[in-house]
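Worksheet: the structure to be examined is printed underneath.
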Amino acid sequence: MTVVQDNPFQAARDRVAELHAIRAAVREGPDERATRAQRAKGKLTARERLALLFDDGAFTEVEGLRRHRATGFGLENKRPYTDGVVTGWGRVYGRMVFAYAHDFRVFGGSLGEAHAEKIHKIMDMAATAGAPLVGLCDGAGARIQEGVGALAGYGGIFQRNVRNSGVIPQISVIMGPCAGGAAYSPALTDFVFMVRGTSQMFITGPDVVKAVTGETITQDELGGADPHATLSGVADFVYDDEAACLSDVRYLLSLLPGNNRETPPAEPSTDPADRRTETLAALVPADPHRPYDMRRVIEEIVDGGEHFEVRQGWAPNVLCTLARLDGHVVGIVANQPSVLAGVLDIKGSEKAARFVQFCDAFNIPLVTLVDVPGFLPGVDQEHGGIIRHGAKLLYAYCDATVPRVQVILRKAYGGAYIVMDSRSIGCDVSLAWPINEIAVMGAEGAADVVFRREIAAAQDPELARKQYMEQYREQLMHPYHAAERGLVDDVIDPAETRMRLTDALGMLRAKYVAAPSRKHGNQPQ
């Protein structure tokens, strides 16, 4: 009697078929109704967002089959794959990047234990691999049904945000709600992107605000993209749609190194390093009281006129932007004379300090373009802590070890001159245009202080005041006074600005500064 045996490979084939079916279900996500609801809000799904972020076909998912282990409140009967977050790695312009994306269609993107463990793992993998981490945030906060375990999950994320700070670039992209404790993780990262109409960040929502304070406000008014871009300073970049937002996330990543042991990626430049910037003399008026747009100066200097400005809508009296000079990435800090005459104030000092620290952490050379009349006077500024906030910028520059080049375009008065990366606090090369005025204060204020008695006793006080102003200007504010004392390395033709910057930065490319032995500094707060 012949016994017909089953095909010994059939069981394996069945298992493989089952695997493919499960993977297809994972990729498909929850039911179509949830997807329609997501799109009705003007939002993409988590996987659609990842497809826009990464190069075509360059994303590898991690723990796509993960499911929660919670019981009670009906959770034991609802255990979808991914547990509401898609994690993995891939390539952006051919370079390694790690990411996680909340899937709002699954438990509203809320964070439970399994969800948090997936994020912890991808954060650890990014740190181990020395590659940037991008978080696509669209979640309803902690999963209430899982209790304190969900809260502990946030703690693990915060701890890793801090541990990885200054080690790998961390970027948060807010693409939906981000409320309560969830908002602290983006605040701990290097850059925050938001989308108008769909992004909201707040610690307590409108209902709680109304109950406690009686104020009535919408979610967008409280924590939307524009309030955070112009009022709170939480958002670095704001967009009208998700596609444009993710396109610029890709662009930012192209300017950053993978980690703090690398230099930013250089690329060949078609813009000659020795190109003369003939139009600069006409762009910047010699009269120190006349405003102009510093962005036009930056566009004239950098490769192809292209730069990527950070926090454009917040503290607009100070500009912070990333660009390339001769194909190499630089960070530019500049006063903006068209807003508050380019003074330093509380917000401007904070904005610039954080940018300087980021550039220093990731080996991005700093160029400082100076045209500053001083710190903003006023009771609000003094009581608001201009001393400690201004000290943040001073601390950031003094602590920075990357190549630092300063260009004084026009005026640089008082303590603000020192803080804007002067030679006395460690800039490597200081250049000045021939219209520069470096002094304790402007001639008008100096005459009123130094020659107060003489002006009061003169037969024509106004004429005397003008004469003493001119005397002060000639003796202490002439363009070569600082150069004669070695506080400016050279006075240059504005048309030479680009070539002198590229030359100085090229000389400094191998700069190395041994840091003092300490655990860490205690920077002003």
Side-chain angles (χ1 to χ4, degrees), residues 52-53 55 92-95 97 132 169 171 173 190-191 193 229 235-241 243-258 263-280 282-284 292-314 316 318-339 351-352 355-356 358-359 362-369 371 402-403 405 407 409 494-506 509:
L52 288 174
L53 175 63
D55 299 345
V92 175
Y93 293 117
R95 299 169 63 232
V97 173
I171 297 172
V173 189
D190 298 305
F191 296 103
F193 288 71
D236 297 285
F237 308 98
V238 172
Y239 300 87
D240 290 327
D241 61 78
C245 177
L246 291 168
S247 176
D248 267 5
V249 174
R250 286 173 55 85
Y251 179 62
L252 175 60
L253 288 167
S254 76
L255 297 171
L256 305 181
T263 55
E267 62 181 30
S269 175
T270 57
D271 195 345
D274 60 354
R275 170 173 59 79
R276 290 178 62 83
T277 49
E278 300 285 0
T279 64
L280 288 184
L283 283 176
V284 181
Y292 63 93
D293 189 352
M294 184 65 83
R295 288 190 185 89
R296 295 184 63 193
V297 174
I298 294 171
E299 290 164 3
E300 181 66 19
I301 292 171
V302 302
D303 291 0
E306 185 175 330
H307 63 103
F308 194 52
E309 189 174 342
V310 179
R311 290 188 180 178
Q312 184 173 345
W314 192 71
V318 176
L319 304 181
C320 299
T321 191
L322 294 166
R324 292 184 185 272
L325 276 170
D326 193 27
H328 295 271
V329 178
V330 296
I332 299 174
V333 178
N335 305 108
Q336 174 57 295
S338 66
V339 180
K351 173 181 175 177
F355 183 75
V356 168
F358 173 81
C359 290
F362 291 104
N363 308 310
I364 300 173
L366 287 161
V367 173
T368 306
L369 304 179
D371 190 345
V402 291
V405 182
V407 182
L409 280 63
E496 300 173 352
T497 304
R498 174 179 165 84
M499 67 177 73
R500 294 297 296 268
L501 282 172
T502 56
D503 182 56
L505 291 169
R509 198 148 290 138

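In this chain, residues are counted from 1 in sequence order.
Looking at Asn363, its side chain never comes within 3.5 Å of a backbone N or O of Thr263 through a donor-acceptor pair. Judged by distance alone, the side chain of Lys351 and the main-chain N or O of Trp314 form a donor-acceptor pair under 3.5 Å. Ser247 places no side-chain N or O within 3.5 Å of a backbone atom of Ala243 that could act as its donor or acceptor partner.
Residues meeting the side chain to side chain donor-acceptor pair (under 3.5 Å) test with Asp274, sequence neighbours left out: none. Annotation: ring-ring contact (aromatic ring centres under 6.0 Å, His included) contacts of Tyr251 (sequence neighbours excluded): Phe308. Annotation: salt bridge (charged side-chain N to carboxylate O under 4.0 Å, His left out) contacts of Arg311 (sequence neighbours excluded): Asp236. The side chain to side chain donor-acceptor pair (under 3.5 Å) search around Ser269 returns Asp303, not counting sequence neighbours. For the salt bridge (charged side-chain N to carboxylate O under 4.0 Å, His left out) test, no residue two or more places apart in sequence or in another chain qualifies with Arg95. By the salt bridge (charged side-chain N to carboxylate O under 4.0 Å, His left out) test, Arg275 pairs with Asp271, Glu300, sequence neighbours left out. Applying the side chain to side chain donor-acceptor pair (under 3.5 Å) criterion to Ser338, with sequence neighbours excluded, gives Gln336. Judged as a side chain to side chain donor-acceptor pair (under 3.5 Å), and not counting sequence neighbours, Thr277 has no contacts. By the ring-ring contact (aromatic ring centres under 6.0 Å, His included) test, Phe358 is found to be paired with Phe191, Phe362, residues two or more places apart in sequence or in another chain being considered. Here Asp55 pairs with Arg250 under the salt bridge (charged side-chain N to carboxylate O under 4.0 Å, His left out) rule; sequence neighbours left out. Phe355 pairs by the ring-ring contact (aromatic ring centres under 6.0 Å, His included) definition with nothing, not counting sequence neighbours.
Between the CG atom of Leu505 and the NE2 atom of His328 there is a distance of 9.5 Å, given to the nearest 0.5 Å. If you take CG on Leu319 and CD1 on Ile332, they are separated by 9.5 Å, rounding to the nearest 0.5 Å. For the atom pair Asp503 CG and Arg498 CZ, the distance stands at 12.5 Å (nearest 0.5 Å).
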Residue pair Leu252, Leu322: steps toward the side chain to side chain contact (heavy atoms under 4.5 Å, CB included) verdict: CA-CA 9 Å; Leu252 175 60; Leu322 294 166; 3.7 Å; yes
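Among residues at least two apart or in separate chains, salt bridge (Lys or Arg N to Asp or Glu O under 4.0 Å) pairs with a member in residues 321-334 are Glu267-Arg324.
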